[in-house]
Amino acid sequence: MTLALVTEVVAASRPRLSVDLDAVARNTRLLAGRASGELMAVVKADGFGHGALDVARTALAHGATRLGVTSLDEAWPLREAGLGVPLLSWLNPADADWGRAAAHDVDVAVPSLTHLAAVAAAPGRARVHLHVDAGMARDGADPASWTLLCRSARRAEQRGQLTVVGVMGHLGCADDPTDDCNALARTRFAWALEVARAAGLRPRDRHLAATAATLTDPRTHHTLSRVGAGLVGIDPSRTTALHPAMTLTAPVVQVRRVRAGTPVGYGHSHRTHEATHLGLLPVGYADGLPRAASGRAEVLVRGVRRPVVGRISMDQVVVDLGERGVDLGESATVFGPGTHGEPTVAEWAAWADTIEHEVVTGIGARVERSLA
Ligand SMILES: *Cc1c(COP(=O)(O)O)cnc(C)c1O
């Protein structure tokens with residue numbers, strides 16, 4: 001009896017992240033409807049923190065036909081879970097386990113001659129997407145090396161060492177569709193396709209667009225769109241109403257009444273303006289609440305927005321609950337889709353001067369996860 005009670009209190013004292021797969025389903029259908037070609041569900045970083053397998057299965061059931069991840073280590077669990085659709089991994093060291101990739105039928109991106117040589121030498125016949133840098137000097141091959149990369153890949157193909165099934169690029173400024181950088185990237189990608197063709201390659205998959213360009217610029221769609229953020233309700237272009245899929249709640253574990261002028265938290269960065277109740281939530285920056293949001297953030301308690309006061313600590317935050325306070329164990333909504341007045345991930349990102357992606361991928365391991 002006593003034990004059961006204690007267990008209940010402990011369970012209620014934990015922050016909880018709930019993921020709404022119905023939101024993922026709706027977002028996928030919208031994106032699949034917008035894409036001119038196929039839709040690849042990008043489930044890197046554990047499905048942007050939403051659970052890679054859950055997001056993958058949901059997206060595949062609602063219009064996505066393929067999966068994409070960053071590293072091969074993110075690819076294996078998807079295959080082990082029995083997902084047999086085309087699967088691409090695009091960022092690996094040159095000495096990655098290319099043989100295992102071929103054995104598991106995982107497509108790999110090749111951004112350099114060094115990678116190409118290693119992939120060609122590995123056992124099995126790899127399915128390769130040559131990756132060109134479309135103008136952000138990040139991943140992908142330097143355009144200066146592209147012609148040689150294409151010709152070398154063609155020779156490896158003729159030797160039966162690999163098959164070039166795709167050419168990919170990535171846009172650096174797609175979140176702002178009016179930026180001239182997009183036209184330059186489209187032009188460079190078209191040039192890269194021509195060079196590949198002239199080298200004798202016949203890549204069936206030609207892909208440049210991620211979420212923002214899928215929503216705003218059909219000229220980037222080619223045969224395939226790679227979308228990640230959009231699946232979980234983040235639209236970097238801010239043009240389309242998608243459905244955020246995460247809700248983070250935390251219980252109020254302590255309430256105290258304080259006088260006006262009471263300093264709160266590390267550094268006393270806040271003092272209460274008047275007599276009020278302070279509530280404690282056991283969730284902090286180790287759980288993914290950006291410390292930079294200190295002094296601006298709000299949470300929803302009993303249907304009312306309440307300010308987070310003082311600095312966000314590693315494990316806890318203090319909320320000004322006002323005149324009447326609340327009961328212990330009541331749930332505060334840190335963020336959610338915004339449909340009940342709670343803050344959104346977009347608001348948290350703005351408070352912390354960052355992007356939504358960083359907030360959703362930053363939720364800590366000790367937060368209990370569940371499906372909505
Ligand atoms: C993360 C990533 C994507 C997905 O981008 P979103 O904007 O999240 O849709 C697509 N392509 C590459 C190469 C990526 O790294």
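Reckoned from all heavy atoms, side chains included, excluding hydrogens, waters and symmetry mates. Ligands are counted one by one from 1 in listed order, and the atoms in each one are counted from 1 as well.
- Partner of D205 under the side-chain hydrogen bond (donor to acceptor under 3.5 Å, both in side chains) criterion, out of H222, R66, R127: R66 alone.
- Between D320 and P307, some side-chain heavy-atom pair lies under the 4.5 Å cut-off.
- The ligand atoms of ligand 1 that sit less than 4.0 angstrom from a heavy atom of F48 are 8 (O).
- Numbered from 1 in the order shown, with element, the atoms of ligand 1 that lie under 4.0 Å from a heavy atom of T211 read 6 (P), 7 (O), 9 (O).
- Checked by atom type, the side-chain pair R125/T163 shows a donor-acceptor distance below 3.5 Å.
- Aromatic ring centres of H104 and W76: separated by under 6.0 Å.
- When only interatomic distances are considered, the shortest N/O to N/O separation between R226 and ligand 1 falls below 3.5 Å.
- Within the listing of ligand 1, atoms 6 (P), 8 (O), 9 (O) sit less than 4.0 angstrom from a heavy atom of A229.
- Set against the non-hydrogen atoms of K44, the atoms of ligand 1 under 4.0 Å away are 1 (C), 2 (C), 3 (C), 14 (C), 15 (O).
- Residues R202 and E157 are not paired through a salt bridge, judged by the lack of any N-O separation under 4.0 Å between the basic side chain and the carboxylate.
- S36 and H221 share a side-chain donor-acceptor pair at under 3.5 Å.
- If you look at H357 next to ligand 1, there are no close heavy atoms at all, none under 4.0 Å.
- In this structure, the ring of H115 has its center no less than 6.0 angstrom from the ring center of H131.
- Considering backbone and side-chain atoms alike, A212 places every N or O at 3.5 Å or more from each N or O of ligand 1.
- Looking from atom 5 (O) of ligand 1 to the surrounding protein, the closest heavy atom is A210 CB, 3.3 Å.
- The contact set between ligand 1 and V227, taken as ligand atoms under 4.0 Å from a residue heavy atom, comprises 9 (O).
- Only the side chain of H170 comes within contact range of ligand 1, with a heavy atom under 4.0 Å; no backbone atom does.
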